[in-house]
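Just so we're on the same page: letters track the sequence lines, and every chain starts at 1.
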Amino acid sequence: MNLNFLNESQKQAVQQVDGPIMILAGAGSGKTRTLVARIQYLLEEKNISPYQILAVTFSNKAAREMRERLASSTSFNIGTLQVTTFHSFCAKVLRAESSYLGLSKNFTIYDDSETNSIIKAILNKRGISQKEISPFMISEFIDEVKNLGYFQGTSNTEEFSQFKSETLYWDIFLEYESELHRSNAVDFGGLITGVINLFHNYPEVLEKYQNKFKYVLVDEYQDTNRAQFHLITSIAQKLKNITVVGDEDQSIYSWRGADIRNILDFEQIYPEAKIIKLEQNYRSSKKIIEAASEVISKNFARKGKKMWTNNNDGNDILVVECRDDKSESDYIGKRIRELVLEGVSLKDIAVFYRNNSQSRMIEDVLRKEKFPYRVVAGIKFYDRKEIKDILAYMRVVINKKDSLALTRIINTPARGVGPTSLRKLEDEAVRLNVSLYEIIEKISSQPQEYKYLNLSAKVLSAISQLVQLITETQLLEQDKITPIFSYEKLLNESGYLDFLKTDKSYEGMARLENLDELSSALKQFEESTVEPTLEKFLEEITLDSNTSQENGVVDEISLMTVHGSKGLEYPYVFLIAAEDNIFPSYKSLESGSSAIEEERRLFYVAMTRAMKELVITFSQARMLWGSLKFNGPSQFIYEIPSKYYRWIQHQSIGHKHSSEKFENYDFDQTTNSYDDFGSEKVYQRKVTPSLIRSNYPTGSKIKHSLYGEGTVLDSEGSGDEEKVTILFKDGIRKKFMVKFAPLQKV
DNA sequence: GTTGCGCAGATTTTT
DNA sequence: TCTGCGCAAC
């Protein structure tokens, strides 16, 4: 196998076959290329069979990409090669070994919203109002416990004593777990912990997998949580042929449980580990790479890599100071227009923002300019009500114990089984210790035996019709009739389709269209799957929410959050709203340095997506949460040495760093256009000049007659409405109405 | 079932 | 300022 297309460290990463290896791969360093070459090398040069290799990544997107690249670069049959996500790998193991854990192999996978319903139901049952304990807090708690790898087994309990001391939460957690178990369901975290549990309690099962997978590779290692770490290290324990690839500087999901210890501990667990750094960047211009390196070097929590590139210097980074959000989007529109005139295609342009809400103003301007664009992510297709409804039908067909799905559909569309009847059925199920479905099954086959429940004739006929529909569809599934047939049967005979058709509103039409889209997803699934079943379809869509939209085929501008941009690259990148309190977020500013470091990594990720041109914009004034905010430029902008950027002002007021600007500027003169680029566009937003004035801009020093000297942290509103947050010398933080507070400028 | 009021809260979201 | 929600009332 010819490895000449690789550089020296990449070659090393490919040829170092045995033993533990940690590859620290910087942004744009050819990580996937190396990983693919490594697998190819194992297959072609070391005669490893495809089924002996396990390659796990975090996202389906990454797994798909790796699979495709492998398929095109090797002649081996990679069908048996496991290139999957953690979650689908675990689902597969759990289905294969379900009997060990008292699950049946057709278990349902609950996503976050289903999980949330379970929690709400538990709180409700316990008479705890959601104001006392928010379901969100419980789900955070559960996530945390599972991310750390808790399982209900014989050991690993001491580690979790701090959680157990939260007795109420722990209690709810246990009830939640048994509720899931009763429903023959597993949540996302439970997929991982379930396998850990299995391996821990049944060493013979673990050994089977240890022998099977001679080589284990983990991609995006910086994003793994503790549970996933336990999982892969236990599989690799015997042969220790484990390769992890990651970049601590791109770790941006710690709030989802990603644990930096996984990188730091690796060498401790495997003292013999080889550490290989991929530091040459092939993606970006020199200026971009050097600037990004400077920014990330401010972090302490890192192993330290020094990125470099042979690429050209390239253009200066542009830092654009705008008057407000309106003029910021105006600038973006204008710059994109220029790029297009230069012949740049739209698919080479991306706009990144810290928060989803910031996409709107960009969308507005792009629509106005008639540039096609695509907002990546947004609302998940499968989260829509109508989709969830019909999927719930499918879930009941596959897994009768899925009572959550059953309660969802039992009266959807309305068939007269209201809350009272449902309550009766549920109570009866509890009394007889059977599932909800079993109850309605029993009642519909022998209604006279359940006369004491006093169910109306309407209810009786409704549930027996539902049971009949489910039973018939189950038979179809058993006979391996194509899923689309079952889907249409459910849709028609449940009355759901007719129900939707009665809704003539715009939303109603959209719902029907969404169902069409679902059915084409089903068709596509049938075509691409060897033995398509409803069961497989359900798993695929819960574990892969991606609605298979192609990337780079259509010529349109991409809009996404910075998080969403990870792993992608674009020649022209705009990073907007780069202001303190937004990026870094106000929450991270409140919570301290490790949170700021994560924001800095995020900023680094954003910068390193850009190949040729990076434009960072911010606004002096921005409408946020009901009042005008003067946030000032992101502190990260100041971490870029000025030799790498050109500072531009667009319709802006005053000069440079906005903390100074509002003081010395005569706003009454600033009526219309401040376009220093000579655009014909006239500044239109009606902000009366007096409204924009801030007497105490962020960063300015003041003196308070009671508290002494301090610094303005935040300023909102203006004129008589102006409020400022001040941090005093002794660390006290206070908020004042400027109108009343005894403040003095220093 | 649907409407409407009041109130909190308002990052990021690979699975 | 805007939205999403839980809950109460029709």
- request: Could you work out which one of B:dT13, C:dG6, B:dT11 sits closest to the side chain of A:Glu599?
  value: B:dT11
task: Starting at atom CE of A:Met66, determine the distance to atom C1' of B:dT14, rounded to an integer number of angstrom.
output: 13 Å
message: What's A:Asp223 touching, base or sugar-phosphate or nothing? Going by heavy atoms closer than 4.0 Å.
response: base
- prompt: Closer to the 5' end of DNA chain B via nearest nucleotide, is it A:Ser88 or A:Arg354?
  reply: A:Arg354
- request: Give A:Tyr253 one of three labels, base, sugar-phosphate or nothing, depending on what nucleic acid heavy atoms sit under 4.0 Å from its own.
  value: base
message: So A:Arg408 and A:Lys385, do their side chains get closer than 4.5 Å, heavy atoms only?
response: yes
query: Hey, are A:Asp187 and A:Tyr176 close enough side-chain-wise for a donor-acceptor pair under 3.5 Å?
result: yes
query: When we call it a touch if two heavy atoms are under 4.0 Å apart, what does A:Gln222 touch: a base, just sugar-phosphate, or nothing?
result: nothing
message: Please pick, from B:dA10, B:dT15, B:dT12, the nucleotide with the shortest atom-to-atom distance to any side-chain atom of A:Lys587.
response: B:dA10
query: Is a side-chain N or O of A:Asn299 found less than 3.5 angstrom from the main chain of A:Glu597, in a donor-acceptor match?
result: yes
- prompt: For A:Ala62, which contact category applies under a 4.0 Å heavy-atom criterion: base, sugar-phosphate, or nothing?
  reply: nothing
- request: Would you kindly give the CG-to-C1' distance between A:Asp143 and B:dT12, to the nearest whole Å?
  value: 15 Å
task: Give the ring-plane orientation class for A:His87 versus A:Phe58, where under 30° counts as parallel, over 60° as perpendicular and anything between as tilted.
output: perpendicular
query: Has A:Asn356 got a side-chain N or O lying under 4.0 Å from the OP1 or OP2 atom of B:dT13?
result: yes
- request: Using the six-membered ring for Trp and the full ring for Phe, Tyr or His, decide whether A:Trp255 stacks on the six-membered base ring of B:dT12 (centres under 5.5 Å, planes under 30°).
  value: yes
message: At 4.0 Å (heavy atoms only), tell me whether A:Glu598 reaches a base, stays on the sugar-phosphate, or touches nothing.
response: nothing
task: For A:Ser585, report the nucleic acid contact type (base, sugar-phosphate, nothing); a contact means any heavy atom under 4.0 Å.
output: base
query: Do A:Arg256 and B:dT15 have a side chain to base donor-acceptor pair shorter than 3.5 Å?
result: yes
task: Return the orientation label for the A:Trp255 and A:Tyr253 ring planes: parallel under 30°, perpendicular over 60°, tilted otherwise.
output: tilted
query: Checking all strands, does A:Lys120 fall into the base, sugar-phosphate, or nothing category for heavy-atom contacts under 4.0 angstrom?
result: sugar-phosphate
message: Within the 4.0 Å heavy-atom criterion, would you say A:Asp112 contacts the bases, only the backbone, or no part of the nucleic acid?
response: base
message: Taking syn as a glycosidic torsion within 90° of 0 and anything else as anti, which one is B:dT11?
response: syn
query: Are A:Asn355 and B:dA10 close enough that a side-chain N or O sits under 4.0 Å from OP1 or OP2?
result: no
